[in-house]
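Take this structure first; my questions come after.
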Amino acid sequence: MQSVIQGILRPLLESFRDLAPIIVVIAVFQLLILQEPIPNLGRILTGTVLVVLGLTLFVRGLELGLFPIGENMAFAFARKGSVFWLLAFAFALGFGTTVAEPALIAVAKEAAEVAAVGGMIADTASAREDYAFGLRLTVAISVGAAILVGVLRILMGWPIQYLIIGGYLAVVVMTGFAPEEIVGIAYDSGGVTTSTITVPLVTALGVGLASSIKGRNPMVDGFGLIAFASLTPMVFVMAYGMVI
Amino acid sequence: MELLHLIWETTLGTVRDVLPIAAIIFGFQLVVIRRPIPRLKETLLGFAYVLVGLALFLIGLEQALFPLGKMMAHQLTDPAFIYEGVERTAEAMHWWDYKWVYLFAAAIGFATTVAEPSLIAVAIKAREVSGGAIGVWGLRTAVAVGVAVGIALGTFRIVTGTPLHYYIIAGYIVVIAQTVFAPRMIVALAYDSGGVTTSTVTVPLVTALGLGLAQTVPGRSALLDGFGLIAFASLFPIITVLGYAQLSEWRARRSNPTGE
């Protein structure tokens, strides 16, 4: 009985500790600096309880579901030995998880507005929709390509810094040529592509691959897939802005 | 009752977001790998935990933290608060007038990053892979400090109206220089930590702060200047994580000067 309580209580406490900084920051600013009361205290308390519960379940689910499946896929592909199917899977995973990402849909819509105001596209509803959809597709393809290249890097053992620094140089060069309005959106799009479910899956895939291939170190070679997924959208979105 | 309805709706929403991922995984498993998934029941249970957990997490945020955080972002950027009733013209605006905004940006950036679920996932994995050498809290604190610095600097940029790409390019140069000197095993993880900081918790609050600032600072357009905070939040953690590794290496070397 005691171990059951501990098994439930400890993770809950840990989640609460994760959230404590937010609560402190909001309370301090609201009460001391803005000097206003906290509105709807009851609703805020329920909300906080839900957040703590949700985070606890999520972390448990990570260890039970997302990490094992990512690793198992990596082992299975390594055993099968088909590079083609592994790369196809990598691209599909990157593309599929990004194209429907709600954060990306929101950013694409805002970007279409910026483009319409900036005179890059006609200021009509259909032109904006086309632009936003094209942008979403561009970002999804760029993330697919990123995971593909990232997996290829793990297979070949290429050092990550050359690829990433090369990507940075591409971003810097393209910043000089891309329309000014798109630059801010492009820089931000790198951050919004990697969702909470994609990150653990992709991380487990990379680490699993690096640990099942001889001569690869999971620490040095296993990480880095997310880095590619946040870099390529910047390049592709600026290219999209230059082409349209 | 309303809450239950909301939980149901949000869970359906997260299920819809996860469907493409599940379809790809199970599709490849069935067609290409053609092997049963080991411990299928447990894995599915884990997926269910993730879905329900994420839904509860999002609802809780919507109920509690987002409205308050967004409201505060608005109040802090409101000229009425900044000038405290003192008559000031737009010309006399000084970047230091927004000091509370920078402090709030740094504090909220730090706090939301600590609670970011994808960062927790990567930190757990990093500890596992490094055999405990990289602690969950060490990594998360390093990343959170990076986000705090990044977002504070990002709000400063919006207030002063300096071009975004100068900051980003300067940040890249720092990252490249650090990469040369940092321990090799941290490099990939550090690059990754840039991408994981900005998801469910940080993005909505930070976006509200950026838009609020761009709307109230004279001479800024919400559409053109509101962007860029996410870029700051994804660049600076790379610098702090590399710095954290360099610092630990330096300290280890100092306490053990013979080298081995």
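Predicted, not measured: the structure shown is a model, and the values here were computed from it. Chain letters run A, B, ... following the sequence lines, proteins first, then strands; residues in each count from 1.
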(request) To the nearest 0.5 Å, tell me how far A:I26 CD1 sits from B:M71 CE. (result)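 Output value for this atom pair is 9.5 Å.
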(message) Report which part of A:E63 has an atom under 4.5 Å of a heavy atom belonging to chain B: side chain, backbone, both, or neither.
(response)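 Side chain of A:E63 only, per the 4.5 Å heavy-atom cut-off to chain B.
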(message) I want to check something: taking the side chain as every heavy atom from C-beta on, are A:L201 and B:I25 in contact at a cut-off of under 4.5 Å?
(response)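 Yes, at least one pair of side-chain atoms sits under 4.5 Å.
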(message) Using a 4.5 angstrom heavy-atom cutoff, name the option from B:S130, B:A55, B:A231 with the most pairs to chain A.
(response)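 Of the options given, most contacts go to B:A231.
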(message) I'd like to know if A:E71 and B:K125 make a salt bridge, using a cut-off of under 4.0 Å between side-chain N and carboxylate O.
(response)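 Between B:K125 and A:E71 there is a salt bridge, with a charged N closer than 4.0 Å to a carboxylate O.
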(message) Minimum heavy-atom separation for B:P117 and A:F58, please, with both atom names.
(response)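 Closest approach of B:P117 to A:F58, heavy atoms only: CB-CE2, 3.4 Å.
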(request) Report yes if some heavy atom in the side chain of B:I108 is under 4.5 Å from a heavy atom in the side chain of A:F29; otherwise report no. (result)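 No, side chains not in contact.
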(message) As an exercise, state the distance from CD of A:Q30 to CD of B:Q75, rounded to the nearest 0.5 Å.
(response)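 Answer for the CD-CD pair, A:Q30 versus B:Q75, is 6.0 Å.
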(message) Shorter than 4.5 Å, heavy atoms on both sides: which option in B:T179, B:V180, B:L235, B:I176 has the most such pairs with chain A?
(response)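 Heavy-atom pairs under 4.5 Å are most numerous for B:I176.
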(message) Given heavy-atom pairs under 4.5 angstrom as the criterion, report whether the side chain, backbone, both or neither of A:N72 touches chain B.
(response)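 For A:N72, the contact with chain B is made by the side chain alone.
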(message) Do A:T97 and B:P20 have side chains that approach each other closer than 4.5 Å (heavy atoms only, starting at C-beta)?
(response)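 A side-chain contact is absent here, since even the closest heavy-atom pair is not under 4.5 Å.
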(message) Can you tell me if A:Y162 has over 12 outside heavy atoms packed within less than 6.0 Å of its OH?
(response)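 No, OH of A:Y162 has 12 or fewer neighbouring heavy atoms, counting only those of other groups under 6.0 Å.
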(message) I'd like to check B:M185 versus A:N217 (side-chain heavy atoms, cut-off strictly below 4.5 Å). Are they in contact?
(response)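 No - every pair of side-chain heavy atoms lies 4.5 Å or more apart.
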(request) Name the region of B:R16, side chain, backbone, both or neither, that has any atom closer than 4.5 Å to a heavy atom of chain A. (result)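 Neither part, no heavy atoms under 4.5 Å.
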(request) Please state whether the side chain, the backbone, both or neither of B:I168 comes within less than 4.5 Å of a heavy atom of chain A. (result)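 It is the side chain, since no backbone atom gets that close.
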(request) Tell me, for B:E62 versus chain A, whether the close heavy atoms (under 4.5 Å) come from the side chain, the backbone, both or neither. (result)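 Backbone only.
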(message) Please rank A:I23, A:T198, A:I185 by heavy-atom pairs under 4.5 Å with chain B and give me the top one.
(response)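 Among the listed options, the one with the most contacts to chain B is A:I185.
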(request) Measure distances from B:I186 to the heavy atoms of chain A and classify the residue's part below 4.5 Å as side chain, backbone, both or neither. (result)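 The answer is neither part of B:I186.
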(request) Look at B:A144, B:P67, B:A115 and state which one has the largest set of heavy-atom pairs under 4.5 Å with chain A. (result)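 Between B:A144, B:P67, B:A115, the count favours B:A115.
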(message) Can you tell me which of A:T203, A:I160, A:L57 forms the most heavy-atom pairs within a distance under 4.5 Å of chain B?
(response)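 Ranked by contacts with chain B, first place is A:L57.
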(request) Name the region of A:T46, side chain, backbone, both or neither, that has any atom closer than 4.5 Å to a heavy atom of chain B. (result)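 It is the side chain, since no backbone atom gets that close.
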(message) Can you tell me which portion of B:I134 sits under 4.5 Å from chain A's heavy atoms? Options are side chain, backbone, both or neither.
(response)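 Just its side chain gets close to chain A.
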(request) Could you tell me whether the side chain of B:D192 and the main chain of A:F223 form a donor-acceptor pair under 3.5 Å? (result)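 Here the side-chain-to-backbone pair does not exist.
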(message) Under 4.5 Å from any heavy atom of chain B, what part of A:L225 do you find: side chain, backbone, both or neither?
(response)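 Backbone of A:L225 only, per the 4.5 Å heavy-atom cut-off to chain B.
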(message) Please identify, among A:L93, A:L53, A:N40, the residue contributing the most non-hydrogen atom pairs under 4.5 Å to chain B.
(response)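 Option with the top pair count is A:L93.
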(message) If you count heavy-atom pairs within less than 4.5 Å of chain B, which of A:I165, A:I197, A:D188 leads?
(response)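 Highest number of heavy-atom pairs under 4.5 Å: A:D188.
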(message) Is A:L62 close to chain B through its backbone or its side chain, or both, or neither, when contacts mean heavy atoms under 4.5 Å?
(response)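 For A:L62, the contact with chain B is made by backbone and side chain together.
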(message) Report which part of A:V171 has an atom under 4.5 Å of a heavy atom belonging to chain B: side chain, backbone, both, or neither.
(response)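 A:V171 touches chain B through side-chain heavy atoms alone.
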(request) Flag the one option from B:S234, B:P38, B:G194 with the top tally of heavy-atom pairs under 4.5 Å to chain A. (result)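 Winner by heavy-atom pair count: B:P38.
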(request) Hey, could you give me the CZ/CD1 distance between A:F75 and B:I33, rounded to the nearest 0.5 Å? (result)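 The distance works out to 12.0 Å.
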(message) Take a 6.0 Å sphere around CZ of A:R17 and say whether it holds more than 12 heavy atoms from other residues, nucleotides or ligands.
(response)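 Yes, the 6.0 Å shell around CZ holds more than 12 heavy atoms from other groups.
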(request) Answer yes or no: is there a side-chain heavy-atom contact under 4.5 Å between A:K80 and B:V32? (result)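 Touching, per the 4.5 Å side-chain cut-off.
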(request) Tell me, for B:A126 versus chain A, whether the close heavy atoms (under 4.5 Å) come from the side chain, the backbone, both or neither. (result)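 Both parts, backbone and side chain.
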(request) Look up atom CZ in B:F47 and atom CG in A:L66, then write down how far apart they are to the nearest 0.5 Å. (result)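 If we round to the nearest 0.5 Å, B:F47:CZ and A:L66:CG are 5.0 Å apart.
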(request) Under 4.5 Å, counting heavy-atom pairs only, tell me which of A:V207, A:V183, A:I164, A:L19 racks up the most with chain B. (result)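 Option with the greatest count: A:I164.
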(message) Using 0.5 Å steps for rounding, measure from the CD atom of B:Q29 to the CD1 atom of A:I69.
(response)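 Here the rounded value is 6.0 Å.
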(request) Return the minimal non-hydrogen interatomic distance between B:I59 and A:L50, and the atom names on each side. (result)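 Scanning both residues completely, I find the closest heavy atoms to be CG2-CD1, 3.8 Å.
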(message) Which heavy atom of A:G54 sits nearest to which heavy atom of B:L56, and what is that distance?
(response)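 Taking every non-hydrogen atom into account, CA-CB, 3.7 Å.
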(message) Less than 4.5 Å apart, side chain to side chain, heavy atoms only: is that true for B:F232 and A:Y187?
(response)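 Of all side-chain heavy-atom pairs linking A:Y187 with B:F232, none is under 4.5 Å.
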(request) Measure distances from A:V59 to the heavy atoms of chain B and classify the residue's part below 4.5 Å as side chain, backbone, both or neither. (result)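 Side chain only.
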(request) Could you label the plane-to-plane angle of the A:Y168 and B:Y172 rings as parallel, tilted or perpendicular, counting under 30° as parallel and over 60° as perpendicular? (result)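 Parallel, since the angle between the ring planes stays under 30°.
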(request) Against chain B, work out which of A:E36, A:E180, A:M234 has the most heavy-atom pairs shorter than 4.5 Å and name it. (result)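 Among A:E36, A:E180, A:M234, the one with the most close pairs to chain B is A:E36.
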(request) Heavy-atom distances under 4.5 Å only: say whether A:T48 touches chain B with side chain, backbone, both or neither. (result)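 Its backbone and side chain both get close to chain B.
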(message) With rounding to the nearest 0.5 angstrom, report the CD1 to CE distance, A:I38 to B:M72.
(response)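 Answer rounded to 0.5 Å: 8.0 Å.
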(request) Can you see which heavy atom on B:A111 is nearest to which on A:P21, and at what distance? (result)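 Smallest heavy-atom distance, with atoms named: CB-C, 3.5 Å.
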(request) Below 4.5 Å from any heavy atom of chain B, which atoms of A:A20 appear? Answer side chain, backbone, both or neither. (result)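 It is neither, since no heavy atom gets under 4.5 Å.
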(message) Looking at B:E42, I'd like to know if its CD atom is crowded, meaning that more than 12 non-hydrogen atoms belonging to other residues, nucleotides or ligands lie closer than 6.0 Å.
(response)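 Buried by this count: over 12 neighbours within 6.0 Å.
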(message) Minimum heavy-atom separation for A:A92 and B:F28, please, with both atom names.
(response)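 Closest approach of A:A92 to B:F28: CB-CE1, 4.0 Å.
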(message) Can you confirm whether more than 12 heavy atoms, excluding those of B:F110, are under 6.0 Å from its CZ atom?
(response)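 For B:F110, atom CZ is crowded (more than 12 foreign heavy atoms under 6.0 Å).
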(request) Answer whether the closest heavy-atom distance between the side chains of B:T43 and A:L64 falls below 4.5 Å. (result)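 Answer no - side chains too far apart.
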(request) Give, as side chain, backbone, both or neither, the part of A:V220 having an atom under 4.5 angstrom from any heavy atom of chain B. (result)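 Answer is both: backbone and side chain atoms of A:V220 are under 4.5 Å from chain B.
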(request) Taking the side chain as every heavy atom from C-beta outward, state whether B:I120 and A:D18 have any pair of such atoms under 4.5 Å apart. (result)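 A side-chain contact exists here, since the closest heavy-atom pair is under 4.5 Å.
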(message) Taking atom CZ as the centre, does A:R60 end up with more than 12 heavy-atom neighbours from other residues, nucleotides or ligands that are less than 6.0 angstrom away?
(response)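 No, because the 6.0 Å sphere around CZ of A:R60 holds 12 heavy atoms or fewer from other groups.
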